[in-house]
Peer 1: 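Sending over a structure as structure tokens; questions will come in a sec.
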Amino acid sequence: MSATGIGAAVKRKEDFRFLTGRGNYTDDINQPGQTYAYILRSPHAHAKINGINTDAAKAAKGVLAVFTGEDMAGVGGIPCGWGVNNKDGSPMNEPPHPALAIGKVRHVGDQVAVVVAESYAKAKDAAELIEVDYTELPAVAHMEAALAAGAPLVHDDAAPGNLCYDWELGDEAEVDAEFKNAAHVVSIDLTNNRLVPNAMEPRAAIGDYNKGTGEYTLYTTSQNPHVIRLLMGAFVLQIPEHKLRVVAPDVGGGFGSKIYHYAEEAIVTWAAGKVRRPIKWVAERSESFLSDAHGRDHISHADLAIDADGKFLGLKVYTKANMGAYLSTFSTCVPTYLYATLLAGVYTTPKIYANVKAIFTNTVPVDAYRGAGRPEATYLLERLVSKAARQLGMDQVDIRRKNFIPADAFPYQTPVALQYDSGDYEATLKKAMELADWNGFPARKAEAAGRGKLRGIGISTYLEACGIAPSAVVGSLGARAGLFESANVRVHPTGSVTIYTGSHSHGQGHETTFAQLVSETLGIPIDNVTIDHGDTNRIAFGMGTYGSRSLAVGGEAIMKALGKVVDKASKIAAHLMEASPEDVEFKDGKFTVAGTDKEVDFGTVALTAYVPHNYPHETLEPGLEENAFYDPMNFTYPGGCHICEVEIDPDTGVTQVINMTAVDDVGRVINPMIVEGQIHGGLAQGIGQALLESCEYDESGQLISGSYMDYCMPRADNFPGFQATTESTLCAHNSLGVKGCGEVGAIGSPPAVINAVLDALADLGVEDISMPATPQKIWQAIQSASVPAAAE
Amino acid sequence: MPTVSMTVNGKQMSGDVESRTLLAQFIRETLDLTGTHIGCDTSQCGACVVHVNGDSVKSCTMLALEADGADVTTIEGLAQDGDDLHPMQEAFRDNHGLQCGFCTPGMVMSAIDLVKTNPNPSEHEIREWLEGNICRCTGYHNIVKSIAAGAAAMRGEKAAAE
Ligand code: FES
Ligand code: FES
């Protein structure tokens, strides 16, 4: 292993600029003549707009323009990227989503008008002069309310019953038959709590229009600038690709929330064409709470049929998924193809049925958030399996082992469409149990009891599907785009290299990991490599970064393009060494001819390609630059084991996480330092979901957790240090053997935490606790427990 | 509009501000020092931390006018000469204490102030100190490690920290 190649913990190339304040985030960019936009948002969850008077705002000092939905009526609505069909084959209900509200507002924060002014303060002041005549309508803030008979309709006739779709996977009757043979049936009802992604950089966008060339430019906080160009250009504003540049510069975290095409992007781009000056919009944090797509929000019931030996026979899952008021870009596929297809988990359950109803409510749209569907599936399964162990009097670990897909069973076809290519669940389990000292737990519990504390241990053995995705497969399931990736390798005359990748880094460290691939493959110093991304004018194409796809799809595209470079370079080297190309070997940056002492280095070949005086012109073009597109053969399947140990103070209900161990199979590790960092971040979000975070609406549809004063963001003192490590099998269908590490932490950990809390409370007879397991909930559960807490 | 003057990163700076202009806005918009970030509107996140007269301050909680005459250091002014990093910045790089980099300037500025008052903080003390700085990327694990290593380096124990 070279010091900067595959497997090395190379320090990040991007860190210097971030550490010295030289990052270039969207809000750091200013254009000559720039103006500022303030977006007026609905204070109501559901209301009819009778009229909007903008006269006073338009007349205010420094105001250039005020636009409302009527002004933008000619442009298309914000599109949804994935069509899902109902059980009966009919298409889902897909109501329009205007960039600025027309006729009605459907959630608190819905965009109503935009003020463009010489300064942000002037725009905001003028917005107060806009008079919107609303008639408030009854709202449905939660799914139960939306499904009640006679419930107010978010989209009137466009979505009767507030239903987006009623979808299923599997044959319910076939699974029912398994239940007839079951010795035991274990059932669970649970909620996957709604979360706000909260990347630390608020969303921002700058629109610009060049009258001279007719070109539009959008700077935006996006995980996928080409996808935004496609969606906004083709569907909303009808600007062809060659006249629209989208730049996503440094982006301060995304976690899914910056995948989607948002109305504000279309508004500033469109309005820049009207006012003929650049327009900047930056969200205030309270606006982010009201306008960034939220995550999770499922209510589920599940039944697991088990035979007398503890083997799983069949699983039935019924889930309601909140879509919010409008369909965000990937909202519809999250609770279906990224959720129900994961319900086999790491187990051999032979028959599975899932039914998912997607529901409209008067809340902010819900879409993918770190893990997207897989955390919901994992939470359901791992809670259910632990409950089954308790109900059957089996050991937590034994019941899992008994049902594991064995390491020699791959490729393994699940009953829910996916075919797993590799994995070894026993290996990750064993390592995690050792690291967490699972067997020493009873002694620690006894010691804690001596101090009056309730100690519990919880486990989750999970799997996820990422590296999204094979285009043909997702296309057949309703995706309205392909999910390949592109790469361009440009070798410069002196042998340095620029990689242009369609992946987008917003914390993942691509500038380092991808450079390691180049350093390894071409045998050149990592400092001679630059990774460029995030600009549709520089990068040929790209589908961006989400679903832990950057390395498994984007990295593979780079490897493919590097392969083409090496092929061509070998031919040039053969010419220089007067050898036949088949005899040329390339290793550690040097071309050699087997059996001779002839040698030429990569730099010489690069120079020859650009100064082709002595060159095989008959067979080769000059230059050394190659493109590749890579479409994966399958999803990748990271998995592993998370173990959490907690201590609860029965007097206050406060839970302290004592230990969090994660052993994950992420495939081949390119940079262990970065991989561990990704897992740490995921664990924090997973523990955050389990213990701290909850997005709450009151019955009228007001967001009551709309700031950092009310929404409990995890802080440093909420966590212990993490024990995170990897135990990998290689992905069987890509050249690097990589699987993906960005989401595993957030997927595997929530059930481990809740299982630990329930283990701590088990002796009191507490059987259920919902996320987030706050001190208040735990204290109440202890108070109403069937067995009183032992008196001191 | 009133004018404010202050020393920023060792240089005398002045500019016209509205009375409502926050120090964070003055630093970012008037002085174009965009390393100081704004992550919230409730003084919770700490992305905006700078040093005012040597102490860490959330620059979104202070009016630009209140800093008139003050000595302000931002992330851009930390490294002493040329391209070198301050030992705390170096420790963040060595320990992978940053991912997206958005919280990072505030974390580093805050950490240096911690070490000033507590040269050898325990893990527990570091975690408590960071109560006012939110990071969504790192899970804090490597930030805590970075600060412990940065503190050691600032004490002159660089080798021991690595
Ligand atoms: S911007 Fe100052 S604390 Fe968040
Ligand atoms: S590194 Fe992204 S918020 Fe801290």
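Note that the structure is a prediction, hence the values are computed from the model and not measured. Only this structure's heavy atoms are used, side chains among them; waters, hydrogens and symmetry mates stay out.
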Peer 1: Of the listed residues (A/N198, A/I687, A/D28, A/N30), which shares the most heavy-atom pairs with chain B below a 4.5 Å separation?
Peer 2: A/D28
Peer 1: Quick check against the 3.5 Å criterion: does A/R17 have a side-chain atom that pairs as donor or acceptor with the backbone of A/G23?
Peer 2: no
Peer 1: As a test of understanding, state which of A/E676, A/Q516, A/Q678 forms a side-chain hydrogen bond (donor to acceptor under 3.5 Å, both in side chains) with A/N671.
Peer 2: A/Q516
Peer 1: May I ask you to name which of A/G21, A/A716, A/A199 has the most heavy-atom pairs under 4.5 Å with chain B?
Peer 2: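 Among A/G21, A/A716, A/A199, the one with the most close pairs to chain B is A/A716.
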Peer 1: Between chain A and each of B/L33, B/L98, B/I75, B/V144, count heavy-atom pairs under 4.5 Å; write down the option with the most.
Peer 2: B/L98
Peer 1: Pick whichever of B/K145, B/Q99, B/E123 has the most heavy-atom pairs under 4.5 Å with chain A.
Peer 2: B/Q99
Peer 1: Treating A/Q689 as the side-chain partner and A/G686 as the backbone partner, does any N or O pair qualify as donor plus acceptor under 3.5 Å?
Peer 2: no
Peer 1: So for B/R28, is it side chain, backbone, both, or neither that comes closer than 4.5 Å to the heavy atoms of chain A?
Peer 2: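 Side chain only.
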Peer 1: B/E29 versus chain A, heavy atoms under 4.5 Å apart: side chain, backbone, both or neither?
Peer 2: neither
Peer 1: Is it the side chain or the backbone of A/I679 that comes within 4.5 Å of chain B heavy atoms, both, or neither?
Peer 2: neither
Peer 1: Side chains of A/E287 and A/R41: does their closest heavy-atom pair fall under 4.5 Å?
Peer 2: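 The answer is yes, as the side chains (C-beta and beyond) meet within the 4.5 Å cut-off.
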Peer 1: Would A/S286 and B/D41 count as having a side-chain donor-acceptor pair, cut-off 3.5 Å?
Peer 2: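 On atom types as modelled, these side chains qualify, holding a pair under 3.5 Å.
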Peer 1: Is the shortest distance from a Lys or Arg side-chain nitrogen in A/D125 or A/K122 to a carboxylate oxygen in the other one below 4.0 Å?
Peer 2: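 Salt bridge: no.
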Peer 1: Which region of A/V282, side chain (C-beta onward) or backbone (N, CA, C, O), has a non-hydrogen atom less than 4.5 Å from a non-hydrogen atom of chain B, or is it both or neither?
Peer 2: neither
Peer 1: Heavy-atom distances under 4.5 Å only: say whether A/A121 touches chain B with side chain, backbone, both or neither.
Peer 2: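 The answer is both parts of A/A121.
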Peer 1: Which heavy atom of A/V196 sits nearest to which heavy atom of A/E693, and what is that distance?
Peer 2: O-OE1, 4.2 Å
Peer 1: Is there side-chain contact between A/H294 and A/L195, with heavy atoms separated by less than 4.5 Å?
Peer 2: no
Peer 1: Quick one: do the B/D16 and B/T3 side chains pair a donor with an acceptor below 3.5 Å?
Peer 2: yes
Peer 1: What part of A/S707 lies closer than 4.5 angstrom to a heavy atom of chain B: side chain, backbone, both or neither?
Peer 2: side chain
Peer 1: Side chain, backbone, both or neither: which part of B/T138 has an atom under 4.5 Å from a heavy atom of chain A?
Peer 2: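 Looking at B/T138, just its backbone touches chain A.
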Peer 1: Let's test your reading of the structure: which of A/M713, A/R12, A/K11 forms the most heavy-atom pairs below 4.5 Å with chain B?
Peer 2: A/R12
Peer 1: Given the options B/I134, B/N133, B/T104, which has more heavy-atom pairs under 4.5 Å with chain A than any of the others?
Peer 2: B/I134
Peer 1: Answer with side chain, backbone, both or neither: which region of A/E14 has an atom nearer than 4.5 Å to a non-hydrogen atom of chain B?
Peer 2: neither
Peer 1: Only pairs of heavy atoms separated by less than 4.5 Å count here; which of B/R93, B/H96, B/E18, B/H37 has the most with chain A?
Peer 2: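 The answer is B/H96.
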Peer 1: In plain terms, say whether A/K124 and A/E284 are close enough for a salt bridge, that is, a side-chain N and a carboxylate O under 4.0 Å apart.
Peer 2: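 Answer for the salt bridge query: yes.
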Peer 1: Which residue, A/H504, A/E511, A/H506, forms the side-chain hydrogen bond (donor to acceptor under 3.5 Å, both in side chains) with A/Q508?
Peer 2: A/H506
Peer 1: Less than 4.5 Å to any heavy atom of chain A: does that hold for the side chain of B/I126, its backbone, both, or neither?
Peer 2: neither
Peer 1: Quick check: does any side chain N or O of A/K258 sit under 3.5 Å from a backbone N or O of A/N224, one acting as donor and the other as acceptor?
Peer 2: no
Peer 1: Against chain B, label A/D27 side chain, backbone, both or neither, depending on which of its atoms sit under 4.5 Å from a heavy atom there.
Peer 2: both
Peer 1: With a 4.5 Å cut-off on heavy-atom pairs, point out which of A/A684, A/G677, A/G253 contacts chain B the most.
Peer 2: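 That would be A/G677.
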Peer 1: Are A/F289 and A/Y708 near enough that their ring centres are under 6.0 Å apart?
Peer 2: yes
Peer 1: What part of B/Y140 gets within 4.5 angstrom of chain A, counting heavy atoms only: side chain, backbone, both, or neither?
Peer 2: side chain
Peer 1: Under a 4.5 Å heavy-atom cutoff, which of B/G35, B/C100, B/G139, B/G39 has the most pairs with chain A?
Peer 2: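 Going by pairs under 4.5 Å, I would pick B/C100.
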Peer 1: Let's test your reading of the structure: which of B/H86, B/R20, B/M88, B/E76 forms the most heavy-atom pairs below 4.5 Å with chain A?
Peer 2: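 Max contact count across the listed options: B/R20.
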Peer 1: Identify which part of B/L78 has an atom lying under 4.5 Å from any heavy atom of chain A, answering side chain, backbone, both or neither.
Peer 2: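 B/L78 has no heavy atom closer than 4.5 Å to chain A.
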